[in-house]
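Data block below; observations after.
Whatever order the structure lists them in is the order used to number ligands and atoms, beginning at 1. Just so we're clear, the structure is a prediction, and the values are computed from it rather than from any experiment.
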Amino acid sequence: MPATVVIGTQWGDEGKGKVVDLLAADADLVVRFHGGNNAGHTLVVNGEKTVLNLVPAGVLHPGRVCVMGSGMVIDPDVLLGEVDALRARGYLADDRWLRVSEQAHLIMAYHRLIDRARERLRGAGNIGTTGRGIGPAYEDKMARTGIRVGDLFDEEGFREALARNVREKNGYLEALLDERPLSFEELYSCCEVHRERLRPFVADTGAEVRAALAAGQRVLLEGAQGTMLDIDHGTYPFVTSSNTLAGSAAAGAGLPPRLIGRVIGLTKAYTTRVGSGPFPTELANALGDRLRADGDEYGATTGRPRRCGWFDAVVVRNAVALSGIDGLALTKLDVLTGIDPLRVCVAYEIDGAHRDMPPGTLRAWTRIRPIYEELPGWRESLGQARSLDDLPGAARRYVERLSALVGAPVVLLSVGPQRDQTIRLGDVF
Ligand code: GDP
């Protein structure tokens, strides 16, 4: 059976944590294939809230193997902190349930420092990064100067690579970013601790995932962030530093693309975005504040308030096209209760021209005029609905209209944060 990929279709924060946790019940392996601890998932199980930044969201199901693939950048401090927190609550009881790719890149203290200093110097024109060193770590990966998880275990080579990097970064930090230099010895001794603590988890994860598929196991590939944050196809430069599309799952997990079967697109029933950058359907008003309050739209990683707005079908239609989405997991429909009428952006107008798909330049993004369609709202709360028939007619019509506008069926509908507040409408594996 081929793997299933779950990706975000908007600007991230679509409720991936809940959905991946739910689907992980039917999976043997859950694999993250890109990004780092800039992604934050909030999971609510038995009323208890867990925030995960690095470990795949399958971890709350004992026995699931959680894999961190070669496409990721990993901050060992954060990972080990997360492991400790999970263990304290009884999760991850067996070391074999967490696998970390020896090819994933390490986020070092200088990456975090550079990230934050640059954002500070950009002032009002900042990108809105999480300041966790993700971008600078990916820069080093592409510049072929990065240090990978597996390098920790070649002590001689590691020492040399770290010394070279610290020398270079200290020059940059002092001369251009007005920061204090880092101590090589301090960094090196931290890394020695990391090496020993990470040892039981480090593996050739691509080989393990391929072997699992060959043995008929179910593999779920968990994307982070969303399509509009993709480094190539998003609202560049207000994007993340990796590819977020289903197409990148193969490389980041170490699989041939033909072993990817279904693609599920995580989609929120309205739109949010955290950080700076274009957002055509933004509601910078009381209605936006209401969505933020009712949807609890604050960053899981940073606590930053998210910008909120109407559902943008252009964005999700583009995600369906780019990733070949077979089915949507539509979340947070319950948050729209009481808003009447509802609006949905069906197309854009840019300088008088009609567009069904997003533009490719930042300049064009800033000139978008959204074209809206109005739909009737509903007043009933949806948290108890367990089938489509339990939904008020207006809510059903809203879901059907969204599906038609973006060109993909809804296979899963979420009406609350709890696992059971879910309506299953189609197959995921
Ligand atoms: P993620 O990174 O995509 O998982 O997004 P977040 O961490 O922002 O998760 C979204 C938040 O919404 C979490 O607090 C979830 O518990 C919650 N959530 C997920 N699905 C639903 C839903 O259908 N309705 C409501 N009201 N909350 C949800």
Please report whether ligand 1 has a polar contact with T331, defined as an N or O pair separated by less than 3.5 Å (distance criterion only). no

Residue and atom name of the nearest protein heavy atom (relative to atom 2 (O) of ligand 1), distance in Å to one decimal: G40 O, 2.6 Å

Do me a favour and list the nearest non-hydrogen protein atom to atom 11 (C) of ligand 1 with residue, atom name and distance? K332 NZ, 3.7 Å

Specify the protein heavy atom at minimum distance from atom 15 (C) of ligand 1: its residue, its atom name, and the distance to 0.1 Å. T42 O, 3.8 Å

Closest heavy-atom contact between A385 and V415? O-CG2, 3.7 Å

Numbered atoms of ligand 1 (with element) below 4.0 Å of R306, judged on heavy atoms: 6 (P), 8 (O)

Quick one: does NZ or CZ of R355 land under 6.0 Å from the six-membered ring centre of Y348, within 45 degrees of the ring axis? no

Sub-4.0 Å atoms of ligand 1 with respect to non-hydrogen atoms of G17: 1 (P), 4 (O)

Ignoring hydrogens and geometry beyond distance, is a side-chain donor-acceptor pair present between S414 and T422 at under 3.5 Å? no

Under 3.5 Å, is there a donor on one side chain and an acceptor on the other for D230 and N243? yes

Closest candidate by heavy atom, reference atom 9 (O) of ligand 1, pool A269, A329, G15: G15

Just checking, any donor-acceptor pair under 3.5 angstrom between side chains of Q10 and D312? no

Salt bridge or not for R199 and D95, using N-O below 4.0 Å? no

Tell me which protein heavy atom sits closest to atom 26 (N) of ligand 1, plus the residue, atom name and distance to 0.1 Å. D334 OD2, 2.7 Å

With heavy atoms and a 4.0 Å threshold, my read on which part of E222 contacts ligand 1 is neither

Taking only heavy atoms of S414 into account, list the atoms of ligand 1 that are under 4.0 Å away from them. 20 (N), 21 (C), 22 (C), 23 (O)

Return the residue, atom name and 0.1 Å-rounded distance of the protein heavy atom closest to atom 1 (P) of ligand 1. K16 N, 3.3 Å

Side chains of D77 and H194: is there a donor and an acceptor less than 3.5 Å apart? yes

What do we get for V335 next to ligand 1 when only non-hydrogen atoms under 4.0 Å count, side chain, backbone, both or neither? side chain

Looking at the rings of W11 and F279, which for Trp means the six-membered one, are their centres under 6.0 Å apart? yes

When the ring planes of Y398 and F311 are compared, do they come out parallel, tilted or perpendicular, using 30° and 60° as the limits? perpendicular

Shortest protein heavy-atom distance from atom 16 (O) of ligand 1, along with the residue and atom involved: P417 CB, 3.4 Å

